[in-house]
**Student:** 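Handing you this structure, nothing more for now.
First the proteins, then the strands, lettered A, B, ... as listed; each starts at 1. Worth knowing before you read on, the calculation uses all heavy atoms, side chains too, and leaves out hydrogens, waters and symmetry mates.
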Amino acid sequence: MIDILTSIKSLNESQRRAVTAPLGHTRILAGAGSGKTCVLVHRIAWLIESQGYSPSNILAVTFTNKSAMEMRKKIENILGYHIDDMWVGTFHGLTHRVLRAYWKNSNLQQNFQILDGDDQQRILKRIVRNMEIDVTRWPAKQAQSYINAKKNEGLRVHNIYVDNDLYSQKMLLIYKIYEKECQRAGVIDFGEILLRCHEMWSRYPDILAVYQRRFQQILVDEFQDTNTVQYSWLQLLAGDRGHLFIVGDNDQSIYGWRGARIKNIQDFNQKYKDTTSIKLEQNYRSTGNILAAANAVISNNSKRPSKKLWTTDKDGDLIQLYQAHNERDEAAYIVEKINLWLDEGGKRADNAILYRLNAQARMIEEALLQANIPYYVYGGLCFFERAEIKDVLSYLRLISNRNDDAAFERIVNKPTRGIGASALSQLRQYAHEQKLTLWQSAVKIINSNSISTKNKNAISSFLILIDSLEPKNDKTPLNELTDLVIDKSNLRVYFSKDKTERGQGRTKNINQLIESTSRFNRQKGNEHMSLLNDFLSYASLETGEKLTDRSKDCVQLMTLHSAKGLEFPEVFMIGMEEGILPRNKFKNDTTSLSEERRLCYVGITRAKKILHLIYTETRYLYKKKITPVLSRFIKEIPTERLRKVCARKNIADNGNTPIVKSFTTLNETNLKSGQQVHHPKFGSGIIVDTEDSKKSFRVKVNFKNAGNKWLVLDYAKLKII
DNA sequence: GTGGAAGTCGTTTTT
DNA sequence: CGACTTCCAC
């Protein structure tokens, strides 16, 4: 018998109140490092052990597969036994499972497959081309984010009203066509999974009731990241009787750009009047100085439930602020500090380097490589996202469902088999006119006289190839099928011809894919579908392990976004500059600026012991040289918590690095109207107007002695006074 | 129709 | 800088 109550006694008072909150709706506002996961896990254990709930009556929802797995492990750890019949998963994983069980009611075909962002874009590109509108003016990418945004808000084409706005008219039309084609092809995109499930439940209350009866306790992690559909889905599931236990931190909401609504967590207790709301403010992660900095920064955001982290820990080291000469120096400084850390016996994995933009990582990587310090970059391509893997998967998808246009398009001429651009565009044209899928069109077109014999033969042999690959029964092992596909499609020969390192890596990867198919175990709830289909949906939802070995002791490189939920003894936040954090275009928009500030807050609170903030005097960003100024967020940190690190000497620079700061040069990131500036020839003046054309950025300056002048910013060398 | 070479373009964050 | 397109010679 596990004594869960003893375990609960070791928690602090707020945590204990949270874990044992009365059965009903509960909102936990959990600050960074306040033991949020611990509370969630204990609550579940408490429900089972102390309140008599069966694990099967509990649903735990997360955002990533990784955190779902970790949570399950922790719960099992505490309980001391396996909880196979408890659903722990991501929104996407869970709703997908529902759709598989009720595919018919969801208006899907049984072998439906999931479209990733890449496939989605491919389809949209084709649609835009078919519409015969200017592709450069209506890029597929834009349509993609439009459609995804609408789906995240739960909006279908018929829910959107447009007036005379050309842009939304076009977007809506694309949305409409896209939906039709997906339906025809039997594929659904990420956003669609949730939306479909939501709609199906709304349409069939009896099916919804099945789930409502089962899931009496619904626990949601990172609730601040939920979007409209997700929240609405939870509400539907909870109904009148289910209990929502939501955990999150409004100050760590950094995914507004992909539909997350911070209001969901902030207004939760207004939506559910009987909510028990508890704040977790004691921090177990960081030193006093780090917390003070974090609190100072975040307190500048308005409209947030007040929350202040505190610790019984000492103040610790001061936060170190370093102004590097340039990004090279920035990297060199980090290497120096990490070496120091290692010399004192620390681990490489204790160090994390956090940045706003992926592009910033390059220089750091170079420096670490040179210094022979192993590192790991988060957010690279996952295994199943690799081009060569997706090629093989596309064959498998086409075998499973001939109408999968995205798959068809990807591999119809890969490796090249004489079905070139012209044949393809004929095929697309035909499909478009006849409202058929590409495969259906191909079948029809080879029996007609509308194309050349050469094309006819090429297409025909492709169709025969795919047909011949389809296993006679479900008994064929997946790895044999995959091997056969790679062989017969000629992909193996095609990749092996490439003698470069990249090509060899590809061969290695496709072999690894065969390997992973042989190890594949059926997913729960998918028993009724073919093994192949089961594997394919696994591949698209479960991104799989990153290829680089993370188990080694490596310095950790990642964006601020992907750092959420992690912690490190020593943290370097680089590029603490206006224009980077906050990002340039967010400067004048309060909502986005708040999100940028939260991003900064997330970064600071990752640090346990030592925090370095670094900005540069000059830097190249997108091949443009800029002279940034310190981020406003860093200026918000009380100076007594900071120590300015002096510029180091002997830096491999051109030797002309001024230690004494001169006037900052005016650039796009630091200019504002009314700014006093100085020009070498015209003397001093005031900016009265600006103009941003594609080619150059111009400012109009009213000079005391020379009158009004329009100047190109890049050449004028204006200094801020 | 194919493959290489040259040229253009656009750069946030991702389940 | 790299991914993507376009152009050109086979």
**Student:** For nucleotides 3-10 of chain C, read 5' to 3', which letter fits each nucleotide if B means a protein heavy atom sits under 4.0 Å from the base, S means only the sugar-phosphate is that close, and - means neither?
**Tutor:** --S-----

**Student:** Less than 4.0 Å between a side-chain N and a carboxylate O, is that true for Glu409(A) and Arg428(A)?
**Tutor:**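 Glu409(A) and Arg428(A): salt-bridged.
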
**Student:** Roughly, in whole Å, what's the span from CD in Gln144(A) to C1' in dT14(B)?
**Tutor:**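 Those two atoms, CD and C1', are 11 Å apart.
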
**Student:** Before accepting this row, confirm whether a basic side-chain N of the pair Lys151(A)/Glu179(A) lies closer than 4.0 Å to the acidic partner's carboxylate O.
**Tutor:** yes

**Student:** Among dT11(B), dT15(B), dC1(C), which nucleotide has an atom closest to any side-chain atom of Lys141(A)?
**Tutor:**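 Ranking dT11(B), dT15(B), dC1(C) by closest atom to the Lys141(A) side chain puts dT11(B) first.
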
**Student:** May I ask you to decide whether Lys36(A) forms a salt bridge with Asp249(A), counting only side-chain N to carboxylate O separations under 4.0 Å?
**Tutor:** no

**Student:** Provide a list of protein-nucleic acid N or O atom pairs under 3.5 angstrom, restricted to nucleotides 1-4 of chain B.
**Tutor:**
residue, atom, partner, partner atom, Å
dG1(B), OP1, Ser422(A), OG, 3.1
dG1(B), OP1, Asn455(A), OD1, 3.3
dG1(B), OP2, Ser422(A), N, 3.4
dG1(B), OP2, Ser422(A), OG, 2.5
dT2(B), OP1, Gly418(A), N, 2.8
dT2(B), OP2, Asn413(A), ND2, 3.3

**Student:** Mind calculating the distance between CD (Glu385(A)) and C1' (dT15(B)) to the nearest angstrom?
**Tutor:** 10 Å

**Student:** Can you measure Gln142(A) atom CD to dG10(B) atom C1' for me and round it to whole angstrom units?
**Tutor:** 13 Å

**Student:** Taking OP1 and OP2 of dT15(B), is either one under 4.0 Å from a side-chain nitrogen or oxygen of Ser67(A)?
**Tutor:**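 So the side chain of Ser67(A) is outside the cut-off, no N or O lying under 4.0 Å from OP1 or OP2 of dT15(B).
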
**Student:** Starting from C1' on dT15(B), measure out to CH2 on Trp257(A) and report it in whole angstrom.
**Tutor:** 9 Å

**Student:** Report the residues that fulfil side-chain contact (heavy atoms from CB on, under 4.5 Å) with Thr416(A), sequence neighbours left out, ordered by chain and then residue number.
**Tutor:**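 Applying side-chain contact (heavy atoms from CB on, under 4.5 Å) to Thr416(A) gives Asn413(A).
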
**Student:** State whether Arg598(A) and Glu595(A) are salt-bridged, where the test is any N-O pair (Lys NZ or Arg NE/NH1/NH2 against Asp/Glu carboxylate O) under 4.0 Å.
**Tutor:** yes

**Student:** Distance only, no hydrogens: is a donor on one side chain within 3.5 Å (strictly under) of an acceptor on the other, for Tyr601(A) and Asn301(A)?
**Tutor:**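 Distance-only check fails for Tyr601(A) and Asn301(A).
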
**Student:** Which word best sums up how the rings of Trp233(A) and Trp201(A) line up, parallel for under 30°, tilted for 30 to 60°, or perpendicular for over 60°?
**Tutor:**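 Geometry flag for Trp201(A) against Trp233(A): parallel rings.
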
**Student:** Would you call Arg397(A) and Asp119(A) a salt bridge, taking side-chain N to carboxylate O under 4.0 Å as the test?
**Tutor:**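 Answer for the salt bridge query: yes.
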
**Student:** Provide, to the nearest angstrom, the distance between the CZ atom belonging to Phe190(A) and the P atom belonging to dT15(B).
**Tutor:**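 Distance, rounded to whole Å: 8 Å.
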
